[in-house]
Structures are given as structure tokens and as C-alpha cells.
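All remarks here apply to the structure that follows.
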Amino acid sequence: MTNDQKSRKMLIGGQWVEALDGATFDTADPATEEVLATVPAAGSTDVDRAVNAAREAFEPGSAWRGLPPAARGRIIHRIGDLILEHAEELALLESRDNGKPVFIASLADIPMAADTFHYMSGWATKIEGNTIPMSSAAPGRFLSFTQREPIGVVGQIVPWNYPLLMAAWKLAPALAAGCTIVLKPAEQTPLTALRLGELIQEAGVPDGVVNIITGDGATGAALVAHPGVDKIAFTGSTEVGKEIIRASADNVKKVTLELGGKSPNVIYADADLERAIAKSAEAIFFNQGETCFAGSRLYVERPVHDEVVAGLKAAAEQLTVGKGTEPTTMMGPLVSAEQLDRVMGYVTSGVAEGATLVTGGERLGDEGHFMAPTIFTDTKPSMRIVAEEIFGPVLVVLPFDTLDEIVAIEKDNPYGLAAGVFTRDIDKAFRTASAIRAGTVFVNTWNAVDSALPFGGYKQSGWGRELGHAVLDNYLETKSIITEFS
Ligand code: NAI
Ligand code: MG
């Protein structure tokens with residue numbers, strides 16, 4: 001290992017380095033509030049170094065650009081293998097840095113991160129153009145075709161909720177497309193991305209192709225403003241997403257965004273209620289509710305409202321909240337004191353606006369950022385807890401009688417990331433799936449994500465799609481080449 005546990009460096013041009021001015025910040029364990037490690041705080045000169053390294057690695061004739069697609073694919077595949085070889089270590093590191101249960105990191109984050117590299121590695125050899133007949137001249141006069149080329153130097157900024165997995169979602173397709181990258185993990189959770197940097201080197205990725213710089217929003221903003229960056233791919237809050245759109249205007253950077261959500265989940269009276277309750281609890285409480293597509297706004301058909309709420313209350317109260325490193329823990333602490341304050345602020349506002357607190361609503365213990373799984377009923381669409389993304393373990397429940405009512409409320413939902421519907425009636429299922437404007441609709445399930453399935457948002461939930469072959473469009477340009485025969 002290049003880095004020891006306590007004092008980490010960042011990766012620029014194949015070297016592990018400190019910030020030029022020596023600035024650092026701490027990353028802490030959200031369960032104990034103990035400092036886990038000190039990492040460099042990259043300033044604008046460091047961002048400049050990283051972008052220059054990525055530019056150099058992108059030059060025609062570089063080691064990376066000279067690799068045949070199959071060789072590129074094999075390297076990307078090897079990154080996935082190395083993640084699996086270090087799965088236990090990575091799961092523990094993720095749990096300690098983010099707070100999430102180690103069993104969730106072992107079952108979801110780490111294997112899915114590996115799968116993202118494995119899946120994307122196959123695309124390296126399948127980036128193709130088309131031969132296109134032209135009608136502006138007699139047939140046979142022209143030969144025209146398209147060729148797809150890597151977009152260039154990509155700045156990638158990721159959040160703290162699934163740190164390694166979000167880094168994988170960004171890096172793997174950009175590498176498959178042949179881009180070079182400056183990745184900035186979130187300041188709350190930089191450690192697995194830095195460890196991934198070591199594995200990326202071990203896999204044989206040439207120096208400068210992947211640069212990983214640590215820092216906060218100011219570092220991210222410097223990356224977005226840098227004229228040497230061709231494209232920004234961002235996952236995080238809608239607020240910062242809007243700032244990125246504005247800040248990228250100067251050199252007309254390409255931008256893709258995966259932003260927030262307030263995803264509606266609909267339970268009809270004819271659903272398998274046991275299943276609907278279990279999955280709907282998972283939809284909101286999985287990963288402490290810190291999931292962009294959490295099922296945070298639940299509509300329950302009136303005849304089964306009370307039964308469903310009782311079932312959800314029981315499910316919430318059965319969740320073991322504790323340190324992520326303890327094997328029985330099902331819900332860990334929130335990521336930071338700031339996030340706990342923000343979520344508790346929503347609880348206070350829900351009570352003040354007259355919603356009924358069915359369960360939870362309080363902080364647990366006085367060490368670490370723990371809170372109880374929380375459910376509100378008697379809510380109205382105008383309440384802040386119903387209208388805004390909370391990004392914590394807080395569910396709001398609304399009764400409904402008709403799909404039209406839901407559609408009318410959802411019209412004002414600024415987000416469109418995901419939705420869910422529980423019913424045994426196929427007609428209701430597809431009618432509901434079609435009526436809600438969202439990038440993903442779960443039917444009788446939730447939290448089902450796959451490397452092969454496009455994922456992304458309608459409305460203010462984002463621009464573009466992650467995963468699947470759709471994500472390659474984020475990292476490729478299209479060139480038309482037209483030849484006229486004499
Ligand atoms: P954030 O959007 O501020 O942070 C996400 C990433 O963007 C981090 O790497 C951060 O350093 C970077 N960043 C911050 N300001 C930036 C700027 N001006 N330019 C470029 N990069 C910048 O999210 P934050 O503050 O951690 O959480 C606030 C709220 O955002 C949460 O409560 C939640 O509602 C939402 N959020 C949504 C996520 C999602 O996956 N949809 C992920 C994280 C947060
Ligand atoms: Mg922030």
C-alpha cells in the first residue's frame with residue numbers, strides 16, 4: 001500500500017501526493033466521531049496539476065490512447081477482479097467511513113462496484129459508428145459514416161452515500177470510452193476511492209488516466225471551472241447540480257447530472273400487503289434513507305392505509321440501529337452531524353406543520369449520528385417533509401382513492417428519479433408506471449439496480465443516464481466522416 005491508514009495522499013499523474021500548500025482535512029467515523037484519516041485538501045493549483053496530468057494522458061500517442069480496445073477492456077475487467085479480491089477490506093473501510101452496515105457494503109456496494117467494471121469492460125470493444133446513406137446526392141457519390149470518439153478529459157464528482165459504487169459508476173464507463181479522468185470523492189467519505197486508486201494502478205491503468213483528488217465543494221468547483229476539462233459528470237444535490245450547469249458555461253463543458261429525488265411509492269389495496277410493506281420499508285430505510293432513489297413518499301389506497309401504516313411501524317421498530325461494523329446492525333448512523341441536523345430539522349418541521357409522528361423522530365444516543373427510523377402520517381403535499389428531499393430515514397404517508405389524485409400531486413414534484421407500485425393487477429401496474437414521470441419504475445419491488453439497466457432522472461433529477469450502454473453517450477462524441485468519390 002502506498003498510503004498508511006492515518007495519513008492518506010491523493011493520486012495525480014501516477015504519483016501519490018500531498019496538496020501543494022500542505023492543506024489537509026480529516027475524515028471521521030460517523031458511529032464514533034473518531035478521526036479515521038487525514039487527507040489532502042486539493043486547492044486550485046492541485047486541480048490544475050490533476051487536469052494537466054489527465055490532458056497529457058489523453059494526448060494522441062499516449063500509452064492509454066495507444067491501447068487497442070480489447071487491451072483497454074482487459075484492464076477495466078482487472079479492476080473489477082481486484083475489487084472482489086479486496087472485498088472484505090473495502091466493505092469494512094466503506095462501513096467505517098460512511099457509517100453504513102458492513103453487511104450492506106459486502107452485499108451491495110462492493111460487489112456492485114466490481115460488477116460495474118466487469119460489465120463496462122465489455123463495451124470497450126463495442127463502441128461503433130454507422131454507415132449512413134445520404135439523399136443529398138445520387139447514390140454511390142458519397143460514402144459517409146460516423147465514428148465515436150472519447151470526449152476527452154472528464155471531471156467526475158461523487159457523493160458520500162455509496163462512495164465506492166458511485167466512483168465505479170463514473171469511472172468504469174469513462175474508461176471504456178477511452179477518456180481520462182479527474183475524480184473527486186465527497187469530503188465525508190474519501191477513503192475507498194483512494195484505495196481504489198491503488199487497485200487501478202495495480203490493474204495496469206497508465207499514469208495520469210485516473211487522477212483522484214480529495215477536497216470539498218471548493219475543490220469540486222475548481223474542477224468544474226477548469227478550462228482543460230471537457231466534461232463534468234456529477235452525482236449529488238440538485239442545488240449543486242444547478243451551480244455546475246451555470247459554472248460550466250464558460251467553455252461550454254458537456255454536463256451530465258444525477259441529482260436528488262422524492263420518489264413516490266404507490267400501494268394499491270389489492271397488493272400482496274406483506275410483501276408491499278417489507279419492500280416499502282426497505283425502499284426508505286435501506287442505507288439509512290441516504291439513497292437518491294429512496295421511496296420516501298408513500299401513497300396508500302385508503303382501505304388498507306391503517307393496516308399498511310401498522311405494518312411499516314412494526315418494520316421500522318424492528319430495525320436494529322447501531323454501529324455499521326457490528327454484524328447485527330441493519331441501519332447505521334447518518335453520515336455526518338450536519339446531515340443528522342438537516343434530517344432532524346425536517347422532523348421538527350413535520351411536527352410543527354401538523355403531521356402525525358407514528359414512530360421514531362429522535363436522535364439515538366449522544367455519540368455518533370444515529371437516529372430512529374421515522375414515519376409520518378396525516379401529511380399534506382404542501383408540507384416541507386412531503387415536498388422536499390430529506391435524504392434520511394423519514395417516510396411520509398398519504399392516503400389516496402384514485403390514480404388521478406396521485407398524478408395531480410406528482411405534477412408538482414420537481415424530481416423524477418424513481419417510482420414504485422405494488423399491486424396484483426397488471427393493468428394498474430402499467431397504468432401507474434406510465435402515468436408517473438420518472439427514470440425508473442419498480443413494480444412489486446424496490447432497490448433493484450443493475451449495471452445493464454439505464455438509471456437517471458426526469459425533471460430536476462438530472463441530465464443523462466448512468467449504467468447500461470446508455471451511459472457511454474455521456475463519454476463519447478460522434479464524428480461524421482463524409483467522402484465524395486470523383
Ligand atoms: P453536495 O451536492 O453538496 O455534495 C456532493 C458532491 O459535490 C461532493 O463531492 C461535494 O464536495 C461536491 N460539491 C459541493 N459543492 C460543489 C460545487 N459548488 N461545485 C462542485 N462540486 C461541489 O451534497 P451534500 O452537501 O453532501 O448533501 C446535501 C444534500 O444533497 C443531502 O441532504 C441530499 O438531500 C442531497 N444529496 C443527494 C445525493 C444524491 O445521490 N442524489 C447525494 C448527496 C447528497
Ligand atoms: Mg454540500
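Whatever order the structure lists them in is the order used to number ligands and atoms, beginning at 1. For the numbers below, each heavy atom of this structure counts, side chains included, while hydrogens, waters and symmetry mates do not.
Atoms of ligand 1 lying under 4.0 Å from at least one heavy atom of Ile157, given by number and element, are 6 (C), 7 (O), 9 (O), 12 (C), 20 (C), 21 (N). For ligand 1 and Gly260, the ligand atoms under 4.0 Å from any heavy atom of the residue are 41 (N). The contact set between ligand 1 and Glu187, taken as ligand atoms under 4.0 Å from a residue heavy atom, comprises 8 (C), 10 (C), 11 (O). Counting the atoms of ligand 1 from 1 in the order shown, those under 4.0 Å from a heavy atom of Gly220 are 19 (N), 20 (C), 21 (N). Under a 4.0 Å criterion applied to the non-hydrogen atoms of Leu259, ligand 1 contributes the atoms 41 (N). Counting the atoms of ligand 1 from 1 in the order shown, those under 4.0 Å from a heavy atom of Asn161 are 40 (O). Listed by number with element, the atoms of ligand 1 under 4.0 angstrom from any heavy atom of Gln188 are 26 (O). Heavy-atom contacts of Phe234 reach the following atoms of ligand 1: 2 (O), 6 (C), 7 (O) (cutoff under 4.0 Å).
When heavy-atom distances to ligand 1 are checked against a 4.0 Å cut-off, Glu290 has no atom that comes that close, whether in backbone or side chain. Under 4.0 angstrom from ligand 1, the non-hydrogen atoms of Asp216 all belong to its backbone. In Arg342, the part holding a heavy atom less than 4.0 Å from any atom of ligand 1 is the side chain. Of all the heavy atoms of Thr291, none lies under 4.0 Å from any atom of ligand 1, so neither backbone nor side chain is involved.
Aromatic rings from Phe422 and Phe442 are positioned such that their centres are separated by 6.0 Å or more. Between Trp446 and Phe286, the ring centre distance reaches or exceeds 6.0 Å.
Counting only N and O atoms by type, the side chains of Asn413 and Glu410 include a donor and acceptor under 3.5 Å apart. Of the N and O atoms on the side chains of Asp97 and Thr27, at least one donor lies less than 3.5 Å from an acceptor on the other residue. At a cut-off of 3.5 Å, with distance as the only test, no side-chain donor of Lys100 or Asn98 sits close to an acceptor on the other residue.
Evaluated for a side chain to side chain contact (heavy atoms under 4.5 Å, CB included) with Val421, the options Thr445, Val443, Ile406 yield exactly one hit, Val443.
For the pair Val158 and ligand 1, the shortest N or O to N or O distance falls below 3.5 Å. For a threshold of 3.5 Å applied to N or O pairs, the pair formed by Glu389 and ligand 1 contains at least one separation below that value.
Considering each of Val224, Thr235, Val240, the one bringing a non-hydrogen atom nearest atom 5 (C) of ligand 1 is Thr235. Remark: among candidates Gly236, Gly215, Ser237, Ala221, the nearest residue to atom 1 (P) of ligand 1 is Ser237, based on non-hydrogen atoms. With distances taken over non-hydrogen atoms, the option nearest atom 43 (C) of ligand 1 out of Ala186, Gly155, Gly217, Pro159 is Pro159.
Using a 4.0 Å cut-off between a side-chain N of Lys or Arg and a carboxylate O of Asp or Glu, Arg465 and Glu258 do not qualify as a salt bridge. At a threshold of 4.0 Å, the pair Glu466-Lys170 counts as salt-bridged, since one of the basic side-chain nitrogens sits closer than that to a carboxylate oxygen.
To the nearest 0.5 angstrom, Thr180 atom OG1 is 11.5 Å from Ile151 atom CD1.
Under a cutoff of 6.0 Å and an axis angle of 45°, Lys231 and Tyr475 form a cation-pi pair. Cation-pi geometry between Arg342 and Phe391 is not met at under 6.0 angstrom from the ring centre and within 45 degrees of the axis.
At a 4.0 Å cut-off, not a single heavy atom of Met166 sits close enough to ligand 1 to count as contact.
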